[in-house]
Amino acid sequence: MSLQIYDTLAGTKRPFTPLKPGHIGIYVCGMTVYDRCHLGHGRVLVAFDAIVRYLRYRGFDVHYVRNITDVDDKIFARASERGIPFTELTSQMIEAMHADEAALGCQSPDVEPRATDHVGLMIALIERLMTKGAAYQGDSGDVYFRVSAFTDYGKLNNRQLDDMLAGARVAVADDKESPADFVLWKRAKEGEASWESPFGAGRPGWHIECSAMSMDQLGESFDIHGGGPDLKFPHHENEIAQSEAATGCTFAHYWMHAGAVRVHDEKMSKSLGNFVTLEQLFKDVHPEVVRFFLLQSQYRSAITFTPDALKQAEVAYGRLVQALPDTVEAVDSDAMFQFQELMDDDFNTPRAIALMFDLCNVGTPTARAAMQSIGVILGLFQAGRDAFVTQSQALKAAHSGLTDQAIEQLLRDRQNARAAKDFARADEIRDQLASAGVVIEDSVDGTRWHRQ
RNA sequence: GGCGCGUUGGCAGAGUGGUUAUGCAGCGGAUUGCAAAUCCGUGGACAUCGGUUCGAUUCCGGUACGCGCCUCCA
């Protein structure tokens, strides 16, 4: 079977055919850098990282582009709240994002274009749209995209323009020809960063940056465009409109959207304030566990985050880590073939993980080697077994009431009690340790312990 | 109101027109002073009502409930 990808625009899985054989250009909408990343951002990072890793494993030469939105109302607002220049805020947040991304085991995109570095390209694209009659400047000085100039408007989200106008909730700027028209260029406001342009000083609207930068990196027509679930509308719809109106050719050939992360049956989002940041999660569990947790669901399905679910993932992943082979072995090629079949079906990472457990249960050297290979392709096992255990234990020690020294002392007391056949005392100590989250294992070569 | 998605065993989460998902938890056994860890074994599910079919959790239609988008949000 060949590679199938679910295309949001088609509403179904489609066999994947790259525009240029062997090569794939992919553009993913990245972060607006005004705050720390939460688990929803993490999901997009991990999903597309795993996808890109797999495509490369499959032999494609992948050019992975992910933008950084570093001009935006929220950025200006947050920077002025904190009394710092907006560029200082964005550079802090970009640094934090890169740290989170690295912790999750994601490879950096090949290119990470920033909006502020490409304003010239955006201006050029807006001028092109004006020349074609697809853009106009209102009395306020803002420049808008003329939605009526693009007959396919709504195709990504299956929407009719009339329906959208009827249900419009957004306050309509009175210099728009139509409420559905969206801004390409915002006139400069007092005290805010702005750029000179033929339409006057101002700054770009949100959508235009992705059209300009994706086409700059990947050409006017490219293979895959991805992003989070909340970008389908209006962001990606508007990207299609302005890009295709300008070029006259198909913009992205496959549209991929990750599913939402939920908390208590609500979408995790900044606006609802119900988000948990990656930074917070990394205090409780090893970042690889977060990655594993995310990959346990297919990238398009909704995930409900609960601390218990993360705990389950930790236990399950720990078992796989323990089964990593000590030596380099030949890989079970049959298993790798199965893996490819599973992943070729729209990147079915949950089944790939199930296969890893099957291999773990088989337990032979070649099976365990295959399990490791699969994990590595999915970006797991990056710390290695010993470091993973050490790092996980260190996290738990930070939450524990007992120091390592106290634990060692209790174990010596217990050992003495056992030697004296005072099992009641020995069990009492074991219970005490257990209630502090410390599990002990007696074996012929002594007693081992770990924090649970 | 418009568009779309979901409802699987205690929990997480795949998939299939007739045969074991997988993981966590549970239960039984081996092992252990007792445990833990490990190994072996094991019960348990497809929201609801109709239809198609020899046969549907799986296809089609209705219903209920839930969710997402329609405004910035990954």
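No experiment lies behind these values; they were computed from the predicted model shown. Residue numbers begin at 1 in each chain, while the letters A, B, ... track the order of the sequences.
In terms of position along RNA chain B, the nucleotide closest to A/N157 lies nearer the 5' end than the nucleotide closest to the other residue of the pair A/N157 and A/A302. Between A/Y317 and A/M268, the residue anchored nearer the 5' end of RNA chain B, judged by the nucleotide with its closest heavy atom, is A/Y317.
Salt-bridge annotation for A/R418 and A/D422: absent, with no side-chain N of the basic residue lying under 4.0 Å from a carboxylate O of the acidic one. Using a 4.0 Å cut-off between a side-chain N of Lys or Arg and a carboxylate O of Asp or Glu, A/K176 and A/D181 do not qualify as a salt bridge. Classification of A/E192 and A/K186 as a salt-bridged pair fails, no side-chain N sitting under 4.0 Å from a carboxylate O.
At least one side-chain nitrogen or oxygen of A/K267 sits closer than 4.0 Å to the OP1 or OP2 atom of B/rC69. Remark: A/R418 is not in phosphate contact with B/rC34, judged by side-chain N or O atoms under 4.0 Å from OP1 or OP2. A close approach under 4.0 Å does not occur between any side-chain nitrogen or oxygen of A/N348 and OP1 or OP2 of B/rA14. Contact annotation: A/S443 does not reach the phosphate of B/rU31 (side-chain N/O to OP1 or OP2, under 4.0 Å). Under 4.0 angstrom from either OP1 or OP2 of B/rU71 there lies no side-chain N or O belonging to A/S271. Using a 4.0 Å cut-off, some side-chain N or O of A/N361 falls inside it from OP1 or OP2 of B/rG23. Note on A/W449: every side-chain N or O is 4.0 Å or more away from OP1 and OP2 of B/rA37.
The interatomic distance linking A/H236 (NE2) with B/rC3 (C1') rounds to 18 Å, in whole Å. Rounded to whole angstrom, the span from the CG atom of A/D422 across to the C1' atom of B/rC34 amounts to 13 Å. Here the P atom of nucleotide B/rU22 and the CZ atom of A/F357 are 12 Å apart, to the nearest Å. To the nearest angstrom, P of B/rA14 lies 18 Å from CG of A/D344. The CZ-P distance, from A/R262 to B/rU7, rounds to 11 Å in whole Å. Atom CZ of A/F292 is separated from atom P of B/rU22 by 14 Å (rounded to the nearest Å). Note: OH (A/Y153) to C1' (B/rC3) measures 14 Å, nearest angstrom. The nearest whole Å value for the distance from the OH atom in A/Y6 to the C1' atom in B/rC5 is 9 Å.
Taking atom P in both B/rC59 and B/rU7, one finds a spacing of 11 Å when rounded to whole Å. Nucleotides B/rG6 and B/rA12 are separated by 16 Å at their C1' atoms, to the nearest Å. Using atom P as the reference point in both B/rA14 and B/rU8, the two lie 11 Å apart (nearest Å). When the C1' atom is compared between B/rG18 and B/rA56, the two are found 9 Å apart, to the nearest whole Å. B/rA36 and B/rG26 are spaced 10 Å apart, taking the P atom of each and rounding to whole Å. Taking atom P on both nucleotides, B/rU42 is separated from B/rA21 by 12 Å, rounded to a whole Å. Taking atom C1' in both B/rU52 and B/rG61, one finds a spacing of 11 Å when rounded to whole Å. Between B/rU58 and B/rG17, the two C1' atoms lie 6 Å apart (nearest whole Å).
At a cut-off of 3.5 angstrom, counting only N and O atoms as typed in the model, there is a donor on one side and an acceptor on the other between the side-chain of A/Q312 and the base of B/rG23. Residue-to-nucleotide contacts include a donor-acceptor pair under 3.5 Å from the side chain of A/R159 to the base of B/rC69.
Taking a pair to require two hydrogen-bonding distances under 3.5 Å in either a Watson-Crick or a G-U wobble arrangement, B/rU22 pairs with B/rA12. Nucleotide B/rU53: unpaired (no Watson-Crick or G-U wobble partner with both distances less than 3.5 Å). In this structure, B/rA35 makes no Watson-Crick or G-U wobble pair, since no nucleotide meets both defining distances under 3.5 angstrom. Base-pair partner of B/rU63: B/rA47 (Watson-Crick or G-U wobble, both distances under 3.5 Å).
Counting non-hydrogen atoms under 4.0 angstrom, A/V28 reaches nothing in the nucleic acid. Base engagement by A/A260 is indicated by at least one non-hydrogen atom pair under 4.0 Å involving a base atom. Backbone-only contact: A/L231 has heavy atoms under 4.0 Å from sugar-phosphate atoms and none from a base. As judged by a 4.0 angstrom heavy-atom cut-off over every strand, A/T32 is placed among residues touching the sugar-phosphate backbone only. The residue A/G40 sits close to a base: some heavy atom pair falls under 4.0 Å. Contacts of A/G42 with the nucleic acid, taken as non-hydrogen atoms under 4.0 Å apart, are absent. Residue A/R414 is in base contact, counting any heavy-atom pair closer than 4.0 Å across all strands shown. Among the atoms of the strands shown, only primed sugar atoms or phosphate atoms (P, OP1, OP2) are found under 4.0 Å from some heavy atom of A/D358. Across all strands shown, A/E441 has heavy atoms under 4.0 Å from base atoms, whether or not it also approaches the sugar-phosphate.
Closest to the side chain of A/E266, out of B/rG68, B/rA21, B/rC24, is B/rG68. Closest contact between the side chain of A/D442 and the listed nucleotides B/rC34, B/rG15, B/rG2 involves B/rC34. Listed candidates were B/rC73, B/rU38, B/rA74. Nearest to the side chain of A/R319 is B/rU38. Each of B/rA14, B/rC73, B/rG33 was ranked by its minimum atom distance to the side chain of A/S269; first place goes to B/rC73. Here the side chain of A/V315 is nearest to one of B/rC72, B/rC24, B/rC73, namely B/rC24. Which of B/rC70, B/rC11, B/rA35 sits closest to the side chain of A/D308 comes down to B/rC11. For A/R430, whose side chain is taken as the heavy atoms from C-beta onward, the closest listed nucleotide among B/rC34, B/rU22, B/rG23 is B/rC34. Of the candidate nucleotides B/rC73, B/rC11, B/rC3, B/rC3 has the atom nearest to the side chain of A/N158. Among the nucleotides B/rG33, B/rA36, B/rA74, the one closest to any side-chain atom of A/D230 is B/rA74. Comparing atom distances between the A/H38 side chain and each of B/rA37, B/rC69, B/rA74 picks out B/rA74 as nearest.
Of the options A/R300, A/K13, A/Q4, a side chain to side chain donor-acceptor pair (under 3.5 Å) to A/D346 is made by A/R300 and by none of the others.
The side-chain ring of A/F423 is stacked on the base of B/rG33, judged by centre separation under 5.5 angstrom and plane angle under 30 degrees.
Between the side chain of A/T349 and the backbone N or O of A/L295 there is at least one donor-acceptor pair closer than 3.5 Å. Of the possible polar contacts, none joining the A/D100 side chain to the A/G42 backbone as a donor-acceptor pair under 3.5 Å is found.
When only modelled atom types and interatomic distance are considered, A/N348 and A/Q298 share no side-chain donor-acceptor pair under 3.5 Å. Using a 3.5 Å distance cut-off with no hydrogens or angles, the side chains of A/S392 and A/H286 do not pair a donor with an acceptor. The closest side-chain donor-acceptor pair between A/R412 and A/Q409 falls under 3.5 angstrom.
At least one side-chain heavy atom of A/Y27 sits under 4.5 Å from a side-chain heavy atom of A/M213.
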